[in-house]
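Step one of this worksheet: look at the structure below.
In this text, all values refer to a predicted model and were calculated from it rather than measured experimentally. Excluded from the calculations below are hydrogen atoms, water molecules and symmetry mates; all remaining heavy atoms, backbone and side chain alike, are included.
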Amino acid sequence: MNNMIGIKQYILGAILMCSGVLKAQESMPETYCNPLDIDYTYMVYNSSKNISYRSGADPAVIEYRGEYFMFVTRSFGYWHSTDLVHWEFIKPKQWYFEGSNAPTAFNYKDSLVYFAGDPAGYGSIIYTDDPKKGEWQPVASISNNIQDSELFIDDDGKTYLYWGSSNVHPLKVKMLDKNDRFLETGDQKELFNLVEEEHGWERFGENNFHPTLKEGYMEGASMTKHNGKYYLQYAAPGTQFNVYADGAYVGETPLGPFKYMKNNPMSFKPGGFTNGAGHGITVKQTNGQYWHFSTMALASNSHWERRLAMFPTYFDEDGLMYSNTSYGDYPLFAPDHPSKPGEHTGWMLLSYQAKTTVSTSKVQVRKSTSTDGEFDIEEIEAGRDTHNNIITELLTDESPKSYWVAESNNAEQWVELEMKSPGDIYALQLNFHDHEAGIYTRTEGLKHQFTIETSEDGKNWELIVDRSNSQKDAPNAYLRLDKPVKAKYVRYRNVKVPGNNLALSEIRVFGKGYGAAPKKVKDFKVDREDDRRDASLSWKKVVGAQGYNIRWGIAPDKLYHSWLVYGKTDHFMRNLDRDTKYFFSIESFNENGISEKTQIITVE
């Protein structure tokens, strides 16, 4: 009997010990974080003004023979991936000397990739059967309207070119003959234009407001065929704005007629750290999941300064197309996740408003622009704490338009964060900034070299990321750890980064805090204005909340839109459709989690 008890105790102990090992070695899923972590190209335009900055915009992404290719404005090449997360740059043997502009690409039945994007707006459509090799051939004809266009070949081989980029003219379409050098056949057809007086989100300006300009820009046509219907997507109202978005019209044929989709915009991310979700493309993964790649506004050095994002995209039971951008700049499960691809991991922002000290400070700046050459610049005087350490508030404020510049770009520079509370760190995102970088085109051999250390007490430090000898160029480095690390302090140590200056706009630390999630929001109110495209929102402050996530949509079960706000208890939006009834809810969040959503409010 005693022997049996001893055996049972031994087995139980072994099970518990194994469980402890499994818990200690928590499996870390593959994740990604927007803006996408790729080696964005330094832009050649604006170089005559000595404005140096990276950008990535207007993505054309295709699946070809089970792999993926991403073409991006003025990048002097394109990227290749096998999993939609890890991208490698391909420098093609034949390409445009000025870089392609607002390109289009199409995979025709896994036999050929067709591409167009000559910045002149006309030229030959080019093609290849091996984009990884980078050898392209031109079609023996000159096509017009191939900038800001969408080449679409239907299942029957009929070919269409959609185009338009204007605050006056509508999107247009014409048919081409794929079998006869893509020559035009038939007449051009006008499709639709912006209707700002009905669609608030199409209005020009930051937060859909501009003191003088009212007409938004319509551009970035993109076609997705799903269940026999044709979803013609378009971008509005301007690439430099937080409300840059993609909408869709739906037709029964590639030539229309097209009907405005009631839940527009289908891709919209106006709030949070990085915003804008327009001029994109929707690509179907090999497993059937759709993804919308889009352009995000940065607009600090130039209003053409942008980044890229990727959001999971769906078609609901009513055939409405929508992207999930909720917590869309927090860590998200990778596309190959078995059940939650593109969804928020639950890792929260631990570093918001962390006390930040730095080694040196050349300048601290808030800088933005909506028109090239016109800047809103505020220089922040560097302060010091009680220990005479230089401090900055710009690296944990959730703004990509504010940044710190060190006095030198060398191994003597560091940044130290003291977070408000300790937590388990799962991932970090380093967002470097271009401050007088002095680079003006695609440049090989750029690399970000640094280390990351953590500490529980600010005295004993552990090295958790070592890229001191890295050859990777990562201006928006996303660093997922192999296992969670408990810490209250995080320290970045520089080795060398590209360009003349070490500049950072944000160090973001993600994980799980040890406290409680904030409580449910109370007294949430939504008042529609006399201009029914506008609405005023308010709510009571929740103790311990970092911010709030506003959700809305055209039905209680279709709250497809969201707007993340920090540190405020009211909000004014100008993005509603005039004749549409909406439904709203809100939740609070902090480093520990997300609250319960409020009861849904109906807004007539």
Side-chain angles (χ1 to χ4, degrees), residues 35-57 72-77 89 91 98-99 239-240 274 295-308 358-369 372-380 392 394-395 399-415 429-450 467-468 470-478 492-507:
L36 295 181
D37 180 9
I38 65 169
D39 50 335
Y40 296 94
T41 297
Y42 278 93
M43 292 293 100
V44 68
Y45 50 83
N46 294 125
S47 61
S48 62
K49 303 173 186 176
N50 291 325
I51 301 176
S52 173
Y53 63 96
R54 298 176 188 255
S55 188
V72 179
T73 282
R74 305 281 185 172
S75 292
F76 298 96
F89 187 77
K91 185 177 181 179
E98 301 86 2
T239 190
Q240 65 269 50
T274 183
T295 303
M296 311 194 86
L298 203 168
S300 180
N301 288 296
S302 164
H303 78 273
W304 303 116
E305 186 179 21
R306 297 160 290 182
R307 293 293 187 266
L308 300 175
V358 293
S359 52
T360 61
S361 184
K362 182 178 183 179
V363 67
Q364 298 184 33
V365 178
R366 292 189 178 98
K367 179 182 178 184
S368 63
T369 178
D372 265 359
E374 298 178 10
F375 295 97
D376 183 5
I377 302 177
E378 179 188 6
E379 187 168 332
I380 311 299
T392 180
L394 303 185
L395 297 183
S399 171
K401 294 179 170 67
S402 62
Y403 59 95
W404 157 81
V405 184
E407 288 185 352
S408 301
N409 182 3
N410 59 25
E412 302 301 316
Q413 309 306 315
W414 52 264
V415 179
Q429 186 189 55
L430 304 181
N431 296 277
F432 295 90
H433 201 85
D434 288 309
H435 177 76
E436 300 175 0
I439 307 174
Y440 302 101
T441 188
R442 182 79 196 177
T443 304
E444 302 306 317
L446 302 181
K447 49 198 174 187
H448 288 80
Q449 297 180 327
F450 56 85
R467 287 197 177 182
S468 56
S470 175
Q471 303 302 302
K472 184 176 176 64
D473 184 20
N476 298 91
Y478 176 63
Y492 166 90
R493 285 193 178 277
N494 192 60
V495 176
K496 180 74 173 177
V497 300
N500 296 326
N501 292 288
L502 165 62
L504 280 159
S505 65
E506 201 79 9
I507 297 178

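Applying the side-chain contact (heavy atoms from CB on, under 4.5 Å) test to Glu436 and every residue at least two apart in sequence or in another chain returns Asn501. Residues passing the ring pair (Phe, Tyr, Trp, His ring centres under 6.0 Å) test with Tyr478: none are found, sequence neighbours excluded. Checked against side-chain contact (heavy atoms from CB on, under 4.5 Å), Thr295 has the following partners two or more places apart in sequence or in another chain: Ala57, Asp58, Pro59, Thr239, Tyr244, His279, Arg306. Partners of Lys472 by side-chain contact (heavy atoms from CB on, under 4.5 Å), not counting sequence neighbours, listed by chain and number: Asp37, Arg467, Ser470, Ala474. Looking at residues two or more places apart in sequence or on another chain, you find no ring pair (Phe, Tyr, Trp, His ring centres under 6.0 Å) involving Tyr40. Partners of Arg54 by salt bridge (Lys or Arg N to Asp or Glu O under 4.0 Å), not counting sequence neighbours, listed by chain and number: Asp473. Residues satisfying the ring pair (Phe, Tyr, Trp, His ring centres under 6.0 Å) criterion with His448, sequence neighbours excluded, are Phe432. Under the side-chain hydrogen bond (donor to acceptor under 3.5 Å, both in side chains) criterion, Thr369 pairs with no residue at all, not counting sequence neighbours. Not counting sequence neighbours, the partners of Glu378 by the salt bridge (Lys or Arg N to Asp or Glu O under 4.0 Å) test are Arg366. Listed by chain and residue number, Arg442 satisfy the salt bridge (Lys or Arg N to Asp or Glu O under 4.0 Å) test with Asp39 (two or more places apart in sequence, or in another chain). Checked against ring pair (Phe, Tyr, Trp, His ring centres under 6.0 Å), Phe76 has no partners two or more places apart in sequence or in another chain. Residues passing the side-chain contact (heavy atoms from CB on, under 4.5 Å) test with Ala406, sequence neighbours excluded: Thr360, Trp404, Gln413, Leu502.
Thr441 contributes no side-chain N or O that, together with a main-chain N or O of Val44, makes up a donor-acceptor pair within less than 3.5 Å. No side-chain donor-acceptor contact under 3.5 Å links Asp434 to the backbone of Asn301. Checked by atom type and distance alone, the side chain of Ser505 never pairs as donor or acceptor with a backbone atom of His433 at under 3.5 Å.
Across all non-hydrogen atoms, the minimal contact from Leu446 to Pro498 is CB-CG, 3.8 Å. The two residues Ser52 and Ala437 have their closest heavy-atom pair at OG-CB, 3.4 Å. The two residues Asn431 and Pro35 make their nearest non-hydrogen contact at OD1-CG, 4.2 Å. Between Arg74 and Glu98, the closest heavy-atom pair is NH1-O, 3.1 Å. Of all the heavy atoms in Ala503 and Tyr403, the pair that sits closest is CB-CD1, 4.5 Å.
Test Leu394, Thr392, Leu504, Val405 against Val358 for side-chain contact (heavy atoms from CB on, under 4.5 Å) and you get one pass: Thr392. Partner Asn409 forms a side-chain contact (heavy atoms from CB on, under 4.5 Å) with one of Asn500, Val495, Val497 and no other, that one being Val497.
Using cut-offs of 30° and 60° on the angle between ring planes, the pair Trp304 and Tyr45 is perpendicular.
Side chains of Asn50 and Tyr440 form a contact here, defined as non-hydrogen atoms less than 4.5 Å apart. Side chains of Glu407 and Ser359 form no contact here, defined as non-hydrogen atoms less than 4.5 Å apart. Residues Val363 and His435 form a side-chain contact, since some pair of their non-hydrogen atoms from C-beta on lies under 4.5 Å apart.
How far NZ of Lys496 is from CD of Gln449: 9.5 Å, rounded to the nearest 0.5 Å. Distance check: Asn476 CG to Leu36 CG gives 9.0 Å after rounding to the nearest 0.5 Å. Summarising the geometry, atom CG belonging to Leu298 is positioned 6.5 Å from atom OG1 belonging to Thr274; distances are rounded to the nearest 0.5 Å. For the atom pair OG of Ser55 and CG of Asn46, the computed distance is 10.0 Å after rounding to the nearest 0.5 Å. With values rounded to the nearest 0.5 angstrom, Ile377 atom CD1 is found 8.5 Å from Ser300 atom OG.
The cationic atom of Lys367 (NZ for Lys, CZ for Arg) lies less than 6.0 Å from the six-membered ring centre of Phe375 and within 45° of the ring axis.
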